[in-house]
Amino acid sequence: MKMDWNRFINRTVNVTLHENYGVVYSEKKDEKQPNFYEIVFKTGKLVAIFDDGLLLESVRESQIVSTFIPYDSLKCVDIF
């Protein structure tokens, strides 16, 4: 079954992702290994739909951030 994402353009969505990892580098110079964290949630306004994923827009630190999420990374989506 394919979902018609166009029905939800400009709606807020909360996406639960399959495991995805990011890296945070410590400001301390004595630490030689970076810290890893798991990214499991993304929230934003659904602004575009593509053949291979969704584009979300959110505001972080007074700047608009666009996030592309491939369909393969979606685990669950809450639509508000």
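Just so you know, these numbers come straight off a predicted model, no measurement behind them. No hydrogens, no waters, no symmetry mates; every other heavy atom, side chains included, goes into these values.
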Less than 3.5 Å apart, which donor and acceptor atoms pair up between the side chains of residues 6-16 and the rest of the protein, not counting sequence neighbours?
unit_1: Asn6; atom_1: ND2; unit_2: Asp4; atom_2: OD1; d: 3.4
unit_1: Arg11; atom_1: NE; unit_2: Phe80; atom_2: O; d: 2.8
unit_1: Arg11; atom_1: NH2; unit_2: Phe80; atom_2: O; d: 3.4
unit_1: Asn14; atom_1: OD1; unit_2: Thr43; atom_2: OG1; d: 2.7

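- By the side chain to side chain contact (heavy atoms under 4.5 Å, CB included) test, Asp51 is found to be paired with no residue, residues two or more places apart in sequence or in another chain being considered.
- In this structure, Leu55 and Thr67 have side chains that are not in contact, with every pair of non-hydrogen atoms separated by 4.5 Å or more.
- Residues Val77 and Trp5 form a side-chain contact, since some pair of their non-hydrogen atoms from C-beta on lies under 4.5 Å apart.
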I would like to know whether Leu56 and Phe68 meet side-chain contact (heavy atoms from CB on, under 4.5 Å); could you show each step before the answer?
CA-CA 6 Å; Leu56 303 185; Phe68 177 78; over 6 Å; no

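- By the 6.0 Å contact criterion, CD1 on Ile64 is open, its count of non-hydrogen atoms from other residues, nucleotides or ligands being 12 or less.
- Contact between Gly44 and Ser58 at its shortest, heavy atoms only, is CA-CB, 4.2 Å.
- Counting heavy atoms from C-beta outward, Leu54 and Val47 have side chains that stay 4.5 Å or more apart.
- The CD atom of Glu57 lies 5.0 Å from the OG atom of Ser66; values are rounded to the nearest 0.5 Å.
- Nearest heavy-atom pair across Leu17 and Lys42 is CD1-CG, 4.0 Å.
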